[in-house]
There are 2 protein chains.
Amino acid sequence: MASGISLKELAAELKLAPSTVSRALNDSYEISEATKKKVISMAEKLNYHANPFARSLRENKSKTIAVIIPERINNFFAQVMDGIEEIAQEHGYHLLVYNTHEDVEREKKIVNLLLNGRADAIVMSVSSQTSDISHLMKLHERGLPIIFFDRVRSEIPTTKFITNDYESAFEGTKHLINQGCKKIALLTLGKDLSTTKERQRGYNDAILSEGWELDPALTLYCSHEEDSNVELIEKLLKSSDKPDGILASVEKLAFATYQTVKKTTLSIPSDLKLISFSNASVANLLNPSLTTITQPAVSIGNECAKLLIKKLTKPKHYELLDQVITIPSKITVRESTLVE
Amino acid sequence: MASGISLKELAAELKLAPSTVSRALNDSYEISEATKKKVISMAEKLNYHANPFARSLRENKSKTIAVIIPERINNFFAQVMDGIEEIAQEHGYHLLVYNTHEDVEREKKIVNLLLNGRADAIVMSVSSQTSDISHLMKLHERGLPIIFFDRVRSEIPTTKFITNDYESAFEGTKHLINQGCKKIALLTLGKDLSTTKERQRGYNDAILSEGWELDPALTLYCSHEEDSNVELIEKLLKSSDKPDGILASVEKLAFATYQTVKKTTLSIPSDLKLISFSNASVANLLNPSLTTITQPAVSIGNECAKLLIKKLTKPKHYELLDQVITIPSKITVRESTLVE
DNA sequence: ATAAAATGCGGAAACGATTTCGAAATTATG
DNA sequence: CATAATTTCGAAATCGTTTCCGCATTTTAT
């Protein structure tokens with residue numbers, strides 16, 4: 001259909017063997033400079049482009065990396081993607097992108113699709129629903145290089161890139177306490193998420209370090225649906241012992257909190273202080289501006305891609321060791337946690 | 001490396017010819033139900049997955065669509081992507097995604113990469129820098145199906161999906177006028193962008209319909225860099241005849257306007273009213289909340305993918321006619337254009 | 001009972017590249 | 001000048017599918 005000239009045809013035009021033309025185009029030492037030039041100029045003239053599938057079939061690699069994210073409308077994941085793409089493009093790699101929409105069934109389907117080797121490797125962040133990981137195990141057992149970022153699974157022995165979730169949540173909670181909060185709630189996603197666990201641990205430890213007790217009712221496990229989250233938060237804010245501080249594990253939940261507060265007579269930060277993990281550039285434009293824990297999203301993407309491409313291009317020299325690499329987040333204090 | 005069993009090996013295991021196994025797996029009428037069942041169960045047992053490159057090579061199609069966008073951290077484009085992916089996944093298509101970062105040179109590189117047939121078709125929105133389109137012409141001449149959305153190029157005879165840019169800009173400007181604005185500025189991107197032209201035409205006609213004169217100084221052509229945009233807008237807001245209303249062509253410029261206003265003594269909406277094309281869900285959380293023209297992003301993505309897949313699967317029955325399909329936007333009035 | 005048609009499957013070519021192996025042609029060496 | 005070494009290139013195999021063509025065998029029609 002949209003195919004152009006083939007190597008064989010190009011060779012015929014040049015009165016050379018296909019093997020020679022192939023070598024010339026791949027800059028083989030076996031070919032004289034003279035013929036190389038002839039081949040290259042003719043290739044350009046005839047608009048020759050190597051068929052990527054023939055090459056992939058022969059070489060058993062596709063120069064393609066699959067990226068699986070749970071959400072696209074999310075500044076963190078979008079920035080990670082940009083970070084991955086930057087490095088990938090530099091090395092001639094293409095990106096297949098899949099959005100699971102936080103749905104583990106979709107995640108399974110996508111992962112199974114990748115079992116056929118369409119991509120040379122996978123970079124992913126699991127969905128918040130993901131509990132059983134047999135589908136991921138199968139991928140790894142098949143020998144497909146896989147790197148996790150942000151939402152990782154320690155059961156799979158490979159390299160993971162994350163931010164300092166525990167410390168950031170600890171510091172974030174401490175910040176709320178320093179600003180005078182006495183009762184702090186944690187808004188988070190799925191229980192099985194590595195980020196949830198770590199951030200909750202940081203939150204818990206900060207609470208306990210004050211000699212306070214942990215109140216399970218103050219940890220909310222939210223969903224991916226704005227409406228039900230608002231309901232959940234509304235119930236929290238209307239309860240008898242409502243919190244005066246909130247740590248949101250993802251920006252979506254901070255936004256939901258704003259939406260909820262708008263429906264009440266409460267106001268931020270006087271009645272409720274709010275801090276959130278977020279990479280939103282509009283954090284300082286919100287009303288009030290949002291105190292954020294900003295993750296090094298682009299760097300995380302960069303590092304994932306760099307390591308993966310090393311592994312793919314020099315398999316002998318690089319391994320995806322079973323390790324977790326942490327890149328720290330940064331807290332930016334704004335009005336939402338201000339003492340008045 | 002990560003490859004499993006091949007069709008030939010599967011056939012050997014079954015003591016059948018590869019051709020038979022292939023036909024059985026593809027549910028050919030030539031194969032008896034009995035052998036089909038045997039083949040399928042053995043395929044599952046041995047975890048057989050067809051090599052996609054061998055298939056692509058043979059069939060000359062990849063079940064892959066390339067999507068080229070100018071920006072990833074942008075609610076509109078992210079939603080369009082989601083819309084495309086939804087339909088693509090339903091039909092077993094994969095998505096190769098490329099971000100040009102509004103850079104025409106990157107766009108050219110990416111487009112040239114796609115000349116080799118790695119993708120069966122392309123869905124794209126051109127960069128704001130794109131003026132010369134010979135690289136896009138080449139794609140089209142090669143016979144590669146291509147669909148434009150939002151930022152289109154009429155020179156390429158294919159189907160384009162856009163929103164009602166002219167009417168929306170006209171209505172948006174009228175809205176500012178109705179709210180009492182006497183001097184309205186237009187913030188937009190590249191001069192060659194189809195959206196810029198149409199929205200400017202709508203803006204112009206709205207101004208002229210009042211019997212006012214057009215002031216070229218009130219149309220700002222911004223870049224993709226936040227800092228320089230803020231500078232530009234700051235100069236506008238500090239000029240002797242500064243505007244009392246702004247129509248922003250993209251949400252990024254509305255955000256830049258907020259940032260700029262924060263640096264001045266002005267306030268929205270009392271000194272300056274603001275309306276913007278935007279698909280940001282946080283529009284109502286901004287300070288003040290932002291009056292928006294919301295584009296039907298997901299629908300646009302859906303329609304692009306639907307048409308393209310029809311064209312790819314039934315080439316005889318569907319053509320990418322040279323036409324523009326318009327899906328209307330919706331204006332949501334909020335505080336940023338309120339009369340006090 | 002025989003011819004015709006349908007059914008079920010196998011063999012081999014084809015898709016377009018890379019690469020192994022080997023053979024000329026050229027140059028260097030004794 | 002004869003032989004060895006080095007360049008430079010070609011023939012053919014290969015990757016894993018799909019599909020054209022062919023050939024039995026069975027079923028249906030005459």
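Lettering of chains follows the sequences in order, A, B, ..., and the numbering in each one begins at 1. Note: hydrogens, waters and symmetry copies are ignored here, and every other heavy atom, side chains too, is used. Remember, it's a predicted structure, so these values are computed and weren't measured experimentally.
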Contact class for S56(B) (heavy atom, under 4.0 Å): base, sugar-phosphate, or nothing? nothing

Examine dG10(D): is either OP1 or OP2 under 4.0 Å from a nitrogen or oxygen in the side chain of S19(A)? Give yes or no. no

Angle separating the five-pair end axes of the helix from dA1(C)-dT30(D) to dG30(C)-dC1(D), nearest 10°, is 50°

Rounded to whole angstroms, how far apart are CZ on F53(B) and P on dT18(C)? 15 Å

Taking it one step at a time, do R151(B) and E102(B) satisfy salt bridge (charged side-chain N to carboxylate O under 4.0 Å, His left out)? CA-CA 12 Å; R151(B) 304 164 168 201; E102(B) 301 279 17; 2.9 Å; yes

Scan S32(B) against the nucleic acid and name what it touches under 4.0 Å (heavy atoms): base, sugar-phosphate only, or nothing. sugar-phosphate

Is it true that S32(A) and T35(A) share a donor-acceptor pair across their side chains at a distance under 3.5 Å? yes

For L25(A) and dC9(D), what is the distance between atoms CG and P respectively, to the nearest whole Å? 13 Å

From dT18(D), dA11(D), dC9(C), nucleotide with atom closest to A17(A) side chain: dA11(D)

Around atom NZ of K61(B), are there more than 12 heavy atoms of other residues, nucleotides or ligands at under 6.0 Å? no

The side chain of L16(B) lies closest to which of these nucleotides: dG16(D), dT14(D), dG10(C)? dG10(C)

Take the protein atom NZ of K8(B) and the nucleotide atom P of dG11(C), then report the distance between them rounded to whole Å. 12 Å

Would you mind classifying the nucleic acid contact of S22(A) as base, sugar-phosphate or nothing, using non-hydrogen atoms under 4.0 angstrom? base

Could you check L57(B) against I31(B) and say which one's nearest nucleotide on DNA chain C is further toward the 5' end? I31(B)

Whole-Å gap separating P (dT18(D)) and CG (D27(B)): 13 Å

Look up atom SG in C304(B) and atom CD1 in I84(B), then write down how far apart they are to the nearest 0.5 Å. 5.5 Å

Taking the nucleotide of DNA chain C with the closest heavy atom to each, which residue, E30(A) or N26(A), is nearer the 5' end? N26(A)

Checking all strands, does S6(A) fall into the base, sugar-phosphate, or nothing category for heavy-atom contacts under 4.0 angstrom? sugar-phosphate

Would you indicate which nucleotide in dA17(C), dG8(C), dG16(D) comes nearest to any side-chain atom of Y48(A)? dA17(C)

What does L7(A) touch in the nucleic acid at a heavy-atom separation under 4.0 angstrom: a base, only the sugar-phosphate, or nothing? base

For the NZ atom on K109(B), are there more than 12 heavy atoms of other groups (residues, nucleotides or ligands in this structure) within a distance under 6.0 Å? no

Atom pair distance, as rounded to whole Å: CG in N51(B) and P in dA17(C): 17 Å

Within a strict 4.5 Å, meaning less than it, do heavy atoms of the I325(B) and E303(B) side chains meet? no

Sugar-phosphate only, base, or nothing, as touched by K36(A) at under 4.0 Å among non-hydrogen atoms: nothing

Just so I know, are the side chains of I300(A) and D150(A) near enough to count as touching, which here means a heavy-atom distance under 4.5 Å? no

To the side chain of R23(B), which of dT17(D), dC20(D), dC9(C) is closest? dC20(D)

Report which part of the nucleic acid R55(A) touches: base, sugar-phosphate, or nothing (heavy-atom distance under 4.0 Å, all strands). sugar-phosphate

Output the rounded distance in Å from CG (L14(A)) to P (dT8(D)). 17 Å

Which nucleotide sits closest to the side chain of E59(A): dT19(C), dA12(C), dG16(D)? dT19(C)

Would you kindly give the CG-to-C1' distance between L10(B) and dT17(D), to the nearest whole Å? 13 Å

Between CD1 on residue I147(B) and NZ on residue K160(B), distance to nearest 0.5 Å: 10.5 Å

Can you tell me the distance, in whole Å, between the CZ atom of R118(B) and the C1' atom of dG16(C)? 14 Å

